[in-house]
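Presented below is the structure to which this report refers.
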Amino acid sequence: VQLQASGGGLVQVGGSLRLSCAASGLTFSTYTMGWFRQAPGKEREFVTTINWSGTTTNYADSVKGRFTISRDNAKNTVYLQMDSLKPEDTAVYYCAATRSYGVRSDSYYYWGQGTQVTVSS
């Protein structure tokens with residue numbers, strides 16, 4: 001199983017980025033997909049998740065209203081649209097997959113390599 005995250009970069013405060021996570025080696029349409037992030041010196045934290053069909057999503061309070069998760073099961077890809085970015089959004093962003101559903105990182109058993117997002121003020 002491979003999860004390949006991409007789309008990170010350097011953006012100014014208030015800007016936008018779109019992350020992608022391409023999955024292979026699993027039946028993508030049967031997995032819940034999540035995004036987590038880890039800032040320097042901090043623990044990995046939940047950002048958002050989407051169920052297998054795309055009908056149910058959940059967001060951390062810190063990103064609600066600014067970030068949008070979506071998926072394209074035909075392309076085996078999950079997306080994270082990030083708008084109104086803030087300096088505190090700076091982190092390495094990871095995509096992850098699970099057959100269950102939830103916000104706990106320990107319920108996800110496939111992880112991507114991470115992509116760096118830096119928001120400059």
Side-chain angles (χ1 to χ4, degrees):
V1 175
Q2 282 194 326
L3 302 179
Q4 184 71 40
S6 62
L10 176 64
V11 63
Q12 291 188 332
V13 170
S16 298
L17 279 175
R18 189 193 196 203
L19 305 184
S20 300
C21 175
S24 61
L26 75 170
T27 306
F28 181 76
S29 60
T30 65
Y31 281 79
T32 289
M33 298 299 295
W35 287 96
F36 293 78
R37 66 186 181 186
Q38 187 166 18
K42 295 187 176 181
E43 294 188 352
R44 188 174 297 185
E45 66 173 1
F46 167 78
V47 177
T48 180
T49 187
I50 187 167
N51 74 333
W52 64 273
S53 63
T55 55
T56 302
T57 58
N58 196 4
Y59 295 91
D61 288 343
S62 58
V63 307
K64 204 170 291 183
R66 301 188 297 120
F67 289 13
T68 304
I69 190 171
S70 62
R71 66 189 296 160
D72 186 338
N73 286 345
K75 295 183 178 180
N76 287 0
T77 302
V78 62
Y79 305 97
L80 180 61
Q81 177 66 42
M82 305 186 294
D83 299 317
S84 302
L85 283 162
K86 305 175 180 180
E88 51 264 42
D89 295 318
T90 295
V92 177
Y93 283 71
Y94 299 89
C95 58
T98 180
R99 294 296 294 272
S100 61
Y101 185 85
V103 305
R104 292 175 56 93
S105 61
D106 57 7
S107 67
Y108 289 76
Y109 35 87
Y110 297 126
W111 289 84
Q113 85 289 358
T115 184
Q116 176 71 46
V117 172
T118 303
V119 184
S120 66
S121 54

Results of side chain to side chain contact (heavy atoms under 4.5 Å, CB included) for S100 - residues two or more places apart only: T98, S107
Contacts of S120 that satisfy side chain to side chain donor-acceptor pair (under 3.5 Å) - sequence neighbours left out: none
Heavy-atom check, side chain of V78 versus side chain of I69, under 4.5 Å: yes
With sequence neighbours excluded, residues passing side chain to side chain contact (heavy atoms under 4.5 Å, CB included) with E45: R37
Single-linkage hydrophobic cluster, 4.5 Å side-chain cutoff, V119 and L10 together: no
Where L3 and A96 come nearest, the two heavy atoms and their spacing: CD1-CA, 3.8 Å
Heavy-atom check, side chain of T56 versus side chain of Y101, under 4.5 Å: yes
For F46, all residues meeting ring pair (Phe, Tyr, Trp, His ring centres under 6.0 Å), sequence neighbours excluded: F36
Side-chain heavy-atom pair L19, T115 within 4.5 angstrom cut-off: yes
For R18, all residues meeting side chain to side chain contact (heavy atoms under 4.5 Å, CB included), sequence neighbours excluded: Y79, Q81
Summary of disulfide bond (SG atoms under 2.5 Å apart) pairs that have at least one residue in residues 34-78, sequence neighbours excluded: none
Validation row: L17, V117 side chains within 4.5 angstrom (heavy atoms): yes
Flag side-chain contact, heavy atom, 4.5 Å: W35 against L80: yes
Sequence neighbours excluded, every pair satisfying disulfide bond (SG atoms under 2.5 Å apart) that has a member inside residues 73-121: C21-C95
Note, R44 side chain near W111 side chain (heavy atom, < 4.5 Å): yes
Salt-bridge criterion met for K86 and D89 (N-O under 4.0 Å): no
side-chain contact (heavy atoms from CB on, under 4.5 Å) assessment of L26 paired with Q2: CA-CA 8 Å; L26 75 170; Q2 282 194 326; over 6 Å; no
Summary of disulfide bond (SG atoms under 2.5 Å apart) pairs that have at least one residue in residues 58-93, sequence neighbours excluded: none
Q113 side chain reached by Q4 side chain, heavy atoms, under 4.5 Å: yes
From CA spacing to verdict: side-chain contact (heavy atoms from CB on, under 4.5 Å), V47, Y59: CA-CA 6 Å; V47 177; Y59 295 91; 6.0 Å; no
Residue pairs involving residues 32-74 (criterion disulfide bond (SG atoms under 2.5 Å apart); sequence neighbours excluded): none
Non-neighbouring partners of N51 that pass side chain to side chain donor-acceptor pair (under 3.5 Å), sequence neighbours left out: S53, T55
Qualifying residues under side chain to side chain contact (heavy atoms under 4.5 Å, CB included), relative to V92, sequence neighbours excluded: Y94, Q116
Donor-acceptor contact present, side-chain R71 to main-chain T32, <3.5 Å: no
Row check, W52 ring normal vs R99 NZ/CZ: under 6.0 Å, within 45°: no
Beyond-backbone contact of Y109 with V1, side-chain heavy atoms, under 4.5 angstrom: no
Listed partners of Y108 passing side chain to side chain donor-acceptor pair (under 3.5 Å), at least two apart: T49
